[in-house]
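I have placed the structure first, in the form of structure tokens, so that the comments after it can refer back to it.
Order of the sequence lines fixes the chain letters, A, B, ..., with proteins taken first and strands second; residue numbering starts at 1 for each chain.
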Amino acid sequence: MPGTSSVTSRMALNDNKAGMEGLDKEKINKIIMENTIGSRYYKNEVKREAHVRERIKKMKERLQSCTSEQKENAIYKADAMIAEIEKGRDLTRTIIHIDMDAFYASVEERDKPELKKKPMAVGGMNMLSTSNYVARRYGVRAAMPGFIAKKLCPDLVIVPLNFSKYKEVSKEVQKIFAYYDPNFSAMSLDEAYMDVTEHLQDRLLYSKKTRSFAYNVENMYKRSSNQTEDIQQHSSDELMAEKRFKSFGFTAADVAEEIRFRIHQKTRLTASAGVGPNTLLAKIASDFNKPNGQTIISSLRDEVINFMANLPIRKVNGIGKVSEQLLSSLDIKYCKDLLKNRSSLMLLFSPVSCSFFLRTALGCSSNRLEAESERKSISTERTFNACSCLDEQLEKLKELCQTLSNDMKKANVQGKTITLKTKTVDFELHTRSRSTLIPVSSVEELFEISHDLLKQEVALSNNNLSLRLMGIGLSKLEPISGTTQTSIKKFFGKIDNIGLKHKATEQLAVCGSSHSLFEKNNIVEELDDPDEVDDKGGHCNPDELDVLSDDRFNLNLFNDKFGYNGHQVNTDSELVLDTTLLCPVCGRNDFENLQYLNEHLDLCLCGKNSITQNEKNGNHKEIALTSKSVSTAAVDEESYLSAIEANKTSDISDTVGVDFTCPICSVKFNASQTTLKYFNTHVDSCLNRKVIKNILQTDSKMSIVSTTKAKASKDGGKPKKRRKIDSCKGHTIDKFFS
DNA sequence: GCGGATCAG
DNA sequence: ATGGCTGATCCGC
Ligand SMILES: Nc1ccn([C@H]2C[C@H](O)[C@@H](COP(=O)(O)OP(=O)(O)OP(=O)(O)O)O2)c(=O)n1
Ligand SMILES: [Mg+2]
């Protein structure tokens, strides 16, 4: 009887997580079991486990019924597939995957430092969203009920969720991502892929200053305030003495370090990074040295294959607990086994799954980050105390419909397929769905249809439906307002907007586009070497410029590209060290505050060197402050360039010793610091469709600029979710021929 | 098109 | 006593 002792695979601790190596699984599982056996949840897990076993049994039968000829043929087909995969192998790109460490927990720790040394988790007694690394040593982890975690670790501190905080932090971090790849692909609040191939090319031209970033002064204050009693006395001198900038080199590893450094300075949180030639490898790599570490996977074919060979299949993105079990039953535990037992794979799984497995085994996956795609569904669900009264269920259903309807409005979608989800008190899941001819959007329609679906469900349960959860979802979505906008239509709409802005309201356009050269963080300094900065300790009220806070454009980057020796230093910090505000165009340095400098700069770039024109202030400020965020250096640069082009007298293009002139943007390159190759790279990027992509992406921001004000934080700052081209997520190996 | 199942975060 | 929520995908029918 495969009863009680073998069901553990579903219930047992998942130690497939950073910080959970070498735990006493025996002991931990015992405690988990003691607090699990007999529960309804457990009974349902036993059932699901049985289902998996059944699948395994059928797989084995199927395999045994195959002739040796069929098996040979399967190998032949697998090898053909492998050859095809090899042919398409592309190791030329560089992907970085960044993953924040114990994200929610780290945010809470940051705001309550006394938690740092304690075992701590975020969530509630019912469910934990994540745990810090101290708690992980007790076996406490994400997706574990709080009450069980408490048994594992009685001292565990459980902190409630604070979603808006995590979102805010996420926004900050994603702004940094955009600096390296405006097309970065965010998988969640705490994690993203960047294709830094182009950045690495461009970076070869960066000066040391451009590759240098400031330590956050605020952090130093906090540090010293913990250690010394007299902050006022010490801070200034100590800060001066302390090394205040950190420089980074040219390799992908350097870039990963730089990104993690900037994240840390900006948010006081740590992240881990993985570098590799594709998303599969980058993702695995980022987990390798967690927390607060990074791993680089070579882009040499043989090294990639070697790396994959001894990797447990469970580490691969689309392979979860069940897939691991199924494959394990075929003696496939490491990726190399996928190759060894390829004949079984070919005989049991769909071509799509086989391709995925073989590509994985060879270390191949997507190395192009997918462009933003529209959401495909929207849903909401709630768990509650057992409820078998229809009236009460309908009451809850109504509320769900209301919630969903609100979310639909926010997302600007309606849809044609309504799905009701129910979970019985025995944890049995069911869905009932219905499609309509016309998309539904109102609460009333949602309720009417879902009510009907619930009646169905009640009937199917012999009028005895006791629920612990209900959910309602909508798919086959369409936008609510306006005509269905295809990407290409949006794209041209955008181009029109930009053109219009430049022509009709030239000044506004230029102001709007140049604002991001400066932000409150970016201070001007007189020195060339970031390591020997001297300054007078100044202070800038962060509240004043809040909206603008991290819209950052790396002026040094601009200077590197166009041969201008600027005075800007890089900082992501919220505090400003120096109040010397210097116009990089005309050299004026008597600006009272950053806003004046910004205004002046706008005019200076138009060739009008004056700081009058304060009438426009309200408007100008609004635009300057709101047109921002994921907006990228490249976009700003482009706008900047068009401004220059429209006015060739601009000082910036007047560099000395020029040997090359870009035929597109007229910017000149100095032969002494620019090889022909890099010049060509620049021309390429001028022509590059990437610029178009950037514009496309900046859609929301642009429309904010051209139409209304404010709301920058809400929708405008939200980078839409992007996915990898290879859809590994939800990839299952379900299919087998039975 | 529907329902169940798997996966990620 | 207490076992989440959102979105996506795949498979079989
Ligand atoms: N089942 C899960 C898994 C994760 N999360 C949330 C909380 C996590 O903090 C965040 C990021 O997920 P990760 O898988 O990256 O886990 P952490 O960042 O917490 O830890 P680490 O990445 O260090 O392993 O997503 C969640 O709500 N439910
Ligand atoms: Mg993380």
Would you indicate what [X] reaches in the nucleic acid, counting non-hydrogen atoms under 4.0 angstrom: base, sugar-phosphate, or nothing?
X        : answer
A:Thr36  : base
A:Leu469 : sugar-phosphate
A:Lys150 : nothing
A:Val122 : nothing
A:Lys423 : sugar-phosphate
A:Arg40  : nothing
A:Val52  : sugar-phosphate
A:Lys17  : nothing
A:Ile378 : sugar-phosphate
A:Ala143 : base

From the set [options], return the single nucleotide nearest to any side-chain atom of [X].
X        : options             : value
A:Met127 : C:dG7, C:dT2, C:dG4 : C:dG4
A:Asn126 : B:dG9, C:dT2, C:dG7 : C:dT2
A:Ser39  : B:dG1, B:dC7, C:dG3 : C:dG3
A:Phe147 : C:dG3, B:dG9, B:dT6 : C:dG3
A:Met11  : C:dC5, B:dG4, C:dG3 : C:dG3
A:Glu381 : C:dC5, B:dT6, B:dG3 : C:dC5
A:Glu191 : B:dG9, C:dG7, B:dT6 : B:dG9
A:Ser435 : C:dG3, C:dT9, B:dG1 : B:dG1
A:His51  : C:dT6, B:dT6, C:dG4 : B:dT6

Subject >> A:Thr360: side chain to side chain donor-acceptor pair (under 3.5 Å) partners, not counting sequence neighbours >> reply: none

Review item, side-chain donor-acceptor pairs of residues 449-458 of chain A, under 3.5 Å, at least two apart:
from, atom 1, to, atom 2, distance (Å)
A:Ser450, OG, A:Leu446, O, 2.7
A:Ser450, OG, A:Phe447, O, 3.3
A:Asp452, OD2, A:Arg434, NH1, 3.0
A:Asp452, OD2, A:Arg434, NH2, 2.8
A:Glu457, OE1, A:Arg432, NE, 2.4
A:Glu457, OE1, A:Arg432, NH2, 3.4

Original post:
Is the backbone N or O of A:Leu280 less than 3.5 Å from a side-chain atom of A:Asn278, with the two atoms forming a donor-acceptor pair by type?
Top reply: yes

**OP:** Tell me yes or no: between the side chains of A:Ser442 and A:Glu445, is some donor less than 3.5 Å from an acceptor?
**Re:** yes

Original post:
Can you tell me if A:Thr295 and A:Asn289 form a side-chain donor-acceptor pair at under 3.5 Å?
Top reply: yes

Residues [X], [Y]: salt bridge by 4.0 Å N-O rule:
X        : Y        : result
A:Glu381 : A:Lys423 : no
A:Asp15  : A:Lys25  : yes
A:Glu324 : A:Lys333 : no
A:Lys30  : A:Glu34  : yes

Could you state the [atom1]-[atom2] distance from [X] to [N], rounded to the nearest angstrom?
X        : N     : atom1 : atom2 : value
A:Met470 : C:dG4 : CE    : P     : 15 Å
A:Arg375 : C:dA8 : CZ    : P     : 7 Å
A:Ile37  : C:dG3 : CD1   : P     : 17 Å
A:Phe163 : B:dG9 : CZ    : P     : 14 Å
A:Lys321 : B:dA5 : NZ    : C1'   : 14 Å
A:Arg382 : C:dT2 : CZ    : P     : 20 Å
A:Glu324 : B:dA5 : CD    : C1'   : 17 Å
A:His430 : B:dG3 : NE2   : C1'   : 10 Å

Phosphate OP1/OP2 of [N]: any [X] side-chain N/O under 4.0 Å:
X        : N      : value
A:Ser353 : C:dC11 : yes
A:Arg48  : B:dA5  : no
A:Thr383 : C:dC5  : yes
A:Lys421 : C:dT6  : no
A:Ser433 : B:dG3  : yes
A:Arg468 : C:dG4  : yes
A:Ser379 : C:dG7  : yes
A:Ser323 : B:dC7  : yes
A:Thr380 : C:dT6  : yes
A:Ser377 : C:dG7  : no

Original post:
Taking the nucleotide of DNA chain B with the closest heavy atom to each, which residue, A:Lys476 or A:Asp190, is nearer the 5' end?
Top reply: A:Lys476

Subject >> 4.5 Å side-chain heavy-atom contact, A:Thr267 and A:Val107 >> reply: no

Original post:
Among residues 98-108 of chain A, which contact DNA chain C at a heavy-atom distance under 4.0 Å?
Top reply: none

**OP:** Would you name the heavy atoms of A:Ile85 and A:Cys364 that are closest together and state the gap between them?
**Re:** CG2-SG, 3.7 Å

